[in-house]
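In listed order, ligands and their atoms are each counted from 1. For clarity, every value in this text was computed on a predicted model and none was experimentally measured.
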Amino acid sequence: MDATTKASRLLPQMKLPTSNLNTLTNNNSSSLVYPHSRITAPLCKLSHGGEQICCQSNEASGSHCSELNWRKNNVVGGLSLQNHKDAVGKTFSLVDACTYPGSGIEYSHTAEEKIGVLLLNLGGPETLHDVQPFLYNLFADPDIIRLPRLFRFLQRPLAKLISILRAPKSKQGYAAIGGGSPLRKITDEQANALKVALEAKEVPANVYVAMRYWHPFTEEAVNQIKKDGITRLVVLPLYPQFSISTTGSSIRVLQNMFRNDAHLSGLPVAVIQSWYQRSGYIKSMADLIENELANFSEPKEVMIFFSAHGVPVSYIEDAGDPYKAQMEECILFIMQELKARGIKNNHTLAYQSRVGPVQWLKPYTDEVLVELGQKGVKSLLAVPVSFVSEHIETLEEIDMEYKHLALESGISNWGRVPALNCTPSFISDLADAVIEALPSAMAMSTSSSTSEELYDDPMRYVLRFFFGSILAFVLLLSPKAISAVRNNIL
Ligand SMILES: C=CC1=C(C)c2cc3[nH]c(cc4nc(cc5[nH]c(cc1n2)c(C)c5CCC(=O)O)C(CCC(=O)O)=C4C)c(C)c3C=C
Ligand SMILES: [Fe+2]
């Protein structure tokens, strides 16, 4: 059987399964311990303006959502529908647990089918010269600095100000890890490995990388997808857990691009929102932890210290970001897997990398490290858990700053689990996630406006930028403001 025929076999030509539990276990995964990825098809699952445009909203709470039932029966007790408020303050909905459309949509595979996989990632500065413009892109994102509607016009001037003020500190960090972020190189390697893994599973696909804040930007990737004539697309964020600030932000950008493009809005797309619950990911993480524990002289005495990237508390409490809940669930699954292997170490979860004056998710990694040292913990294994590549926060913050702090606090044996990067079992599981998502792909429908449109009118933008700049300039000149910013933001 040739590869295209095999791919066509995987893409059902009949009505897609709806409420039959077996349909969910009828995939490549040999284990039934953990549920599969959370998939949205199409991009229109994220709606704006309180307008309910979630194609599966009824199914999510009803009998169509077989994965939900299965999840409930297997540890998780999953959410069926999550309501978040995006940066624009409007509600959008994510169908969280429905794998299949279940709406009687038929799909016929043809030999001309060209499958694309779009990997979403953050991006990082490649040189020290890139640091400030990279930070500007990050802080100009309304999903990263969530200003009230009234102050939205300040977004870009504020981004400029904060990026200039933070750049020296960030540059120090990037200088310490060799003068730039390794993210592009590692993500490209993951993309290549994923392509090879898909080919090995006889599902040939082009794999694209779309970075949110640095090259290759989402626009570049999407243009290439159009040029290549991709006919079915799976969007796969390289973040295991969903956050408004990461996957949510990238999907918002994609939505805007797809909505405004006749070709793209007709392209069948499936979005994998989160995949921390996949057995392949959980087992790969458990493998890494098990390997590192073996390097300690007394492995059973080691505290397993999960360190996740933080988000401001308001994301969880006001905007309904599922990030914290998903993170806790993810840790639970990894620890269950370790227990099943006879590894019963103590563990804890803390949040790192806070920026700015607001409250971030607690407990904070630096504070917990000091407390553990004071309590007499002697051996500690740090496990970065919100990201799957090495990056500044593993290589500099954990390996340098936190290690130093831990040793100073009395923890004498320090270890750190490497990021998954191109670990074969992990890449193979991502390939399975893509294959499982393929039948869900649907064309997006047109939806309502977002904050980006604010900037569509050049005159409005110029006026806002002008007044915003004056305000930022006044702020910049105020010594009080400078010391407040220096103490809190940097
Ligand atoms: C799941 C991962 C991440 C979440 C959630 C997240 C939220 C978030 N981040 C900032 C601010 C910064 N992040 C920076 C770098 C950075 N962030 C992540 C991941 C998440 N961010 C990664 C992987 C990286 C590193 C990229 C690299 O170059 O290697 C930075 C820049 C570095 C620095 O100056 O510390 C900032 C700033 C906010 C405000 C936020 C949630 C609102
Ligand atoms: Fe970050």
Side-chain angles (χ1 to χ4, degrees), residues 86-87 120-128 130-147 155 158-159 161-187 190 211-215 237-250 273-276 306-316 318-319 321-324 326-327 330 351-361 365 384-402 419-421 488-490:
D86 68 4
L120 304 180
N121 211 341
L122 189 116
E126 285 163 70
T127 67
L128 295 186
D130 298 338
V131 171
Q132 187 273 322
F134 159 78
L135 289 174
Y136 170 79
N137 291 340
L138 188 131
F139 291 120
D141 179 358
D143 289 313
I144 286 285
I145 294 191
R146 305 179 74 246
L147 294 175
Q155 188 89 43
L158 210 57
L161 178 67
I162 299 175
S163 64
I164 290 170
L165 290 173
R166 190 176 168 90
K169 188 186 175 199
S170 288
K171 275 186 187 175
Q172 272 181 11
Y174 284 107
I177 62 167
S181 171
L183 217 51
R184 183 174 191 167
K185 182 175 169 285
I186 298 173
T187 311
Q190 288 170 325
M211 299 294 198
R212 180 68 182 87
Y213 307 118
W214 206 246
H215 302 277
L238 284 175
Y239 309 98
Q241 307 84 9
F242 180 95
S243 168
I244 293 169
S245 61
T246 53
T247 301
S249 170
S250 283
Q273 294 170 29
S274 69
W275 40 267
Y276 68 90
F306 292 98
S307 189
H309 197 302
V311 294
V313 170
S314 63
Y315 280 56
I316 312 299
D318 305 338
D321 195 333
Y323 180 71
K324 180 172 182 277
Q326 293 193 0
M327 189 59 72
C330 175
Y351 294 91
Q352 66 177 86
S353 318
R354 59 189 187 276
V355 187
V358 297
Q359 276 246 358
W360 283 57
L361 284 183
T365 294
V385 72
S386 40
F387 208 59
V388 292
S389 327
E390 296 297 352
H391 61 290
I392 188 168
E393 280 140 10
T394 55
L395 300 171
E396 198 272 336
E397 202 171 4
I398 298 184
D399 288 355
M400 297 178 194
E401 289 181 41
Y402 293 148
L420 284 163
N421 292 340
N488 290 316
I489 293 184
L490 309 178

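- In the candidate list R166, H309, M327, H309 is nearest to atom 7 (C) of ligand 1, counting heavy atoms.
- Applying the 4.0 Å criterion to heavy atoms of V311 picks out, from ligand 1, the atoms 5 (C).
- When each atom of ligand 1 is checked for a heavy atom of Y315 under 4.0 Å away, the hits are 42 (C).
- The only option from L135, I145, L138 that meets the side chain to side chain contact (heavy atoms under 4.5 Å, CB included) definition with I162 turns out to be I145.
- Only the side chain of S245 comes within 4.0 Å of ligand 1, judged by heavy-atom distances.
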Passes side chain to side chain donor-acceptor pair (under 3.5 Å), S274 versus Q241? Steps please.
CA-CA 5 Å; S274 69; Q241 307 84 9; over 6 Å; no
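- With a heavy-atom cut-off of 4.0 Å, A308 does not touch ligand 1 at all.
- Contact of the S389 side chain with the L238 side chain is not registered, since no non-hydrogen atoms from C-beta on lie closer than 4.5 Å.
- Scanning all protein heavy atoms for the shortest distance to atom 28 (O) of ligand 1 gives Y174 OH, 2.5 Å.
- Here the straight-line distance linking atom CG of L158 with atom OH of Y136 works out to 10.5 Å at 0.5 Å rounding.
- For ligand 1, the atoms closer than 4.0 angstrom to any heavy atom of S181 are 27 (C), 28 (O), 29 (O).
- To the nearest 0.5 Å, atoms CD (Q132) and NZ (K171) are separated by 7.5 Å.
- With a 4.0 Å heavy-atom cut-off, ligand 1 is reached by the side chain of W360 but not by its N, CA, C or O.
- Residue L395 is tested with D399, I392, I398 for a side chain to side chain contact (heavy atoms under 4.5 Å, CB included); the sole match is D399.
- Counting heavy atoms closer than 4.0 Å to ligand 1, residue L138 contributes side-chain atoms (C-beta onward) but none from N, CA, C or O.
- Of all the heavy atoms of Q241, none lies under 4.0 Å from any atom of ligand 1, so neither backbone nor side chain is involved.
- A pairwise comparison of heavy atoms in F242 and Q326 identifies N-OE1, 2.8 Å as the closest pair.
- At least one N/O-N/O distance between I392 and ligand 1 falls below 3.5 Å.
- Scanning all heavy atoms of the two residues, the minimum distance from L361 to Y323 falls at CD1-CD2, 4.1 Å.
- Listed by atom number, the atoms of ligand 1 under 4.0 Å from P125 heavy atoms are 28 (O).
- At a heavy-atom distance under 4.0 Å, atoms from both the backbone and the side chain of I144 approach ligand 1.
- By the criterion of a heavy-atom distance under 4.0 Å, neither the backbone nor the side chain of K169 is placed next to ligand 1.
- Among S389, S386, P312, the residue whose heavy atom lies nearest to atom 1 (C) of ligand 1 is S386.
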After noting the C-alpha distance and the side-chain angles of S249 and R212, does the key distance pass the side chain to side chain donor-acceptor pair (under 3.5 Å) rule?
CA-CA 8 Å; S249 170; R212 180 68 182 87; 2.7 Å; yes
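- Below 3.5 Å of separation, one finds an N or O of S170 facing an N or O of ligand 1.
- Atoms of ligand 1 lying under 4.0 Å from at least one heavy atom of F387, given by number and element, are 23 (C).
- Against a heavy-atom cut-off of under 4.0 Å, H391 is close to the following atoms of ligand 1: 22 (C), 23 (C), 24 (C), 25 (C), 29 (O).
- Taking each heavy atom of S245 and D321 in turn, the nearest pair found is N-OD2, 4.3 Å.
- Atoms of ligand 1 lying under 4.0 Å from at least one heavy atom of F139, given by number and element, are 37 (C).
- E396 and E401 make their closest contact through OE1-OE2, 2.9 Å (heavy atoms, listed as atom of the first residue, atom of the second, distance).
- Counting only N and O atoms by type, the side chains of E397 and Q352 include a donor and acceptor under 3.5 Å apart.
- Each of the atoms 28 (O) of ligand 1 lies under 4.0 Å from some heavy atom of G124.
- One finds the NE2 atom of H309 at 9.5 Å from the OG1 atom of T246 (value rounded to the nearest 0.5 Å).
- The side chain of L122, and not its backbone, has at least one atom closer than 4.0 Å to an atom of ligand 1 (non-hydrogen atoms only; side chain from C-beta on).
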